[in-house]
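Written out below as structure tokens is the structure these notes cover.
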Amino acid sequence: MDRRDLLKYSFSGLTATALMGSGLREEYLKKIEKTGFKLASSANDEDYWELVKSEFTMHKGLYYFNNASLGPCPKLVVDATNEFRALLDGFPSRYMWGGWQEEKEAVRQKVADMFSADKEEIALIHNTTEGMNIMAHSMDLGPGDEVILADHEHPSGTVPWVHWQEIRGFKIVRPKLPILPESKDEIVEAYRKAITPKTKVISMVHGTNTNGMILPVKEVSQMAHERGVLVGVDAAQTAGTFEIDLHDLGCDFYAGSAHKFMFGPKGTGIFYAKKDSQKYLKPLIVSRAHFRDPSIRRLENYNTRNYPEMLGMGTAVDYYNLIGGAKREARLRELKAYFRSKIEADDRFALKTPAADDLSCAIQNVAVVGKKATDVKTALFDQYMIDCRPISGFDINGVRISLSVFTTKADVDYLVNALKTV
């Protein structure tokens, strides 16, 4: 689509009835047009990415490399969310119960398109943790059944299974993943060895929060399905970083947070369930008769919810589309290669993330040899106002660097110089 068609498509949910009563509507539409004109450009030089950076209002002097913990919203998403909030507070009951149903479904369609799924396979939830709880809560397991959780799972992907294990008595199997595999076959083999005739579910991260390693979900799903095993995926660290086709991945369930690399409002997330696998799912919350809804919407039984943030997530997808998924992915891989090239030959550093593009993308982990990761993180922030995350476990002892589309090469240079000084 050309720029005007893209804008018309992307913002259709914002320019219909949702904003008709707002006195700021025309001003907001002008802002959309201005932002779209800049970001839909075919340019791909540092000037373009400086424009992208200008769309984010960060704390003065802050160099933010911690998107894997929590991402910022660009101005467009902030403005849209505030606009929706003002409308809601102007007529609370109208917009909370029924007034925004068409807009809600428009967001569902946008998310489905972003992940190459059907909108009837997408639930609009709050975060990855909720999605992982839906999976663990729904599975009808008991003594004699096994669930595979590798050692690099995030606590939010582990604790729900541990909770239900204590109630239902199934067994959790914890294979150890290689930290620096030479190929994804090594990871697939770790899961293959862990599967037994008792295995019912594999719950796995798409990208680890420890060192940013990307796991081969497609290959593991194919192997698991041949053995009648369901696959659920924690996508907190991958949604928004590279193009994802959920039908191609083949997993049964996929939970992601929109408030990391998708730049959505805080407390917004997505949950995908393959149509043939939705029969296994049970809602975490029930209200009125919504739990009898045969569609995936039965997982959204919140009754009262924060609709401005949920609709703002739709604007975050619009923002993703304005730059373009392929362009964003290529930029993140370019920054990854640029960062690694600056330190990989320096024996003061040890990269703790696989280099291959099919094994990593936006998240890189680097250890400063001979120093504790926590001390490095403290020095980077106190001396250079660089925010990143120290990872001390798994024999990593490195700082996790989250690269993003608002990261420029000048920012990477600043980071590298700070690391070398530290």
Side-chain angles (χ1 to χ4, degrees), residues 68 123 125-178 187-188 190-211 213-221 223-225 227-239 246 249-257 260 269-274 276-286 296 298-299 301 391 393-394:
I125 59 173
H126 296 98
N127 51 39
T128 307
T129 302
E130 180 181 346
M132 301 311 292
N133 272 273
I134 290 173
M135 294 180 209
H137 161 75
S138 296
M139 296 300 106
D140 188 15
L141 304 174
D145 295 326
E146 294 179 355
V147 174
I148 295 176
L149 292 168
D151 61 333
H152 277 256
E153 297 298 313
H154 189 278
S156 292
T158 302
V159 171
W161 293 105
V162 173
H163 170 71
W164 287 106
Q165 176 198 36
E166 294 176 356
I167 295 172
R168 295 172 176 166
F170 57 86
K171 179 182 178 181
I172 295 178
V173 178
R174 305 300 305 270
K176 186 176 181 179
L177 298 180
I187 302 173
V188 175
Y191 282 99
R192 180 180 288 110
K193 289 180 178 179
I195 293 179
T196 75
K198 298 179 180 180
T199 305
K200 297 294 186 277
V201 180
I202 294 175
S203 182
M204 64 186 296
V205 290
H206 196 182
T208 66
N209 76 301
T210 51
N211 68 340
M213 178 169 60
I214 296 172
L215 272 57
V217 171
K218 180 177 180 177
E219 290 79 2
V220 171
S221 295
M223 177 183 63
H225 290 158
R227 294 162 173 79
V229 176
L230 296 172
V231 177
V233 178
D234 170 349
Q237 306 299 351
T238 50
L246 286 171
L249 283 185
C251 57
D252 297 280
F253 314 114
Y254 196 85
S257 295
K260 293 182 185 282
I270 60 168
F271 186 85
Y272 161 84
K274 188 164 58 176
D276 292 344
S277 302
Q278 290 183 22
K279 59 189 176 186
Y280 298 105
L281 298 176
K282 304 168 187 174
L284 284 174
I285 301 171
V286 293
I296 199 168
R298 68 181 180 277
L299 304 181
N301 280 318
I391 303 294
F394 301 96

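Values reported hereafter were calculated over all heavy atoms of this structure, with side chains retained and with hydrogens, waters and symmetry mates removed. Residue numbers start at 1 and run along the sequence shown. Fair warning: this is a prediction, and the values are worked out from it, not measured in the lab.
- Scanning both residues, Val188 and Met223, for their nearest heavy atoms gives O-CE, 3.9 Å.
- Partners of Thr238 under the side chain to side chain donor-acceptor pair (under 3.5 Å) rule, at least two apart in sequence or in another chain, are His206, Tyr254.
- Judged purely by atom type and a 3.5 angstrom limit, Gln237 has no side-chain atom pairing as donor or acceptor with the backbone of Thr208.
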Worked check of side chain to side chain contact (heavy atoms under 4.5 Å, CB included) between Ile202 and Ile195: CA-CA 9 Å; Ile202 294 175; Ile195 293 179; 4.0 Å; yes
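- Shown here for Pro283 and Arg298, the closest heavy-atom pair between the two residues is CB-O, 3.2 Å.
- Between Ser257 and the choices Asn127, Ile270, Asp234, Ile125, the side chain to side chain contact (heavy atoms under 4.5 Å, CB included) rule is met once, by Asn127.
- With rounding to the nearest 0.5 Å, the separation of NZ in Lys171 from OG1 in Thr196 is 7.5 Å.
- For Lys282, the NZ atom is densely surrounded, since the number of other residues' heavy atoms within 6.0 Å is greater than 12.
- Met139 CE to Ile134 CD1: the interatomic distance, rounded to the nearest 0.5 Å, is 10.5 Å.
- How far NE2 of His137 is from CD of Glu130: 11.0 Å, rounded to the nearest 0.5 Å.
- Between Ile148 and Pro175, the closest side-chain pair of non-hydrogen atoms falls below 4.5 Å.
- Atom CG in Leu230 sits 4.5 Å away from atom CG in Asp252 (nearest 0.5 Å).
- Just one residue in the list Ser203, Ser277, Ser138 forms a side chain to side chain contact (heavy atoms under 4.5 Å, CB included) with Phe253, and that residue is Ser277.
- Applying the salt bridge (charged side-chain N to carboxylate O under 4.0 Å, His left out) test to every pair with at least one member in residues 141-165, sequence neighbours left out, gives these pairs: Asp145-Lys200.
- Residues that satisfy the ring pair (Phe, Tyr, Trp, His ring centres under 6.0 Å) test with His126, not counting sequence neighbours, are Tyr302.
- Within a 6.0 Å radius of CZ in Phe394, other residues, nucleotides and ligands contribute more than 12 heavy atoms.
- In this structure the side chain of Val220 never reaches within 4.5 angstrom of the side chain of Leu215, judged on heavy atoms.
- Ile172 CD1 to Gln165 CD: the interatomic distance, rounded to the nearest 0.5 Å, is 4.0 Å.
- Of all non-hydrogen atoms in Val233 and Met132, the two that sit nearest each other are O-SD, 4.0 Å.
- Side-chain contact check for Ile187 versus Glu219: every heavy-atom pair is 4.5 Å or farther apart.
- The minimum heavy-atom distance between Thr199 and Ala194, with the atom names listed, is OG1-O, 4.1 Å.
- Taking the side chain as every heavy atom from C-beta outward, Met135 and Trp161 approach each other to under 4.5 Å.
- Between Asp140 and Arg168, the closest side-chain pair of non-hydrogen atoms is not below 4.5 Å.
- Inter-residue side-chain proximity for Leu281 and Phe271 is flagged as met; some heavy-atom pair is nearer than 4.5 Å.
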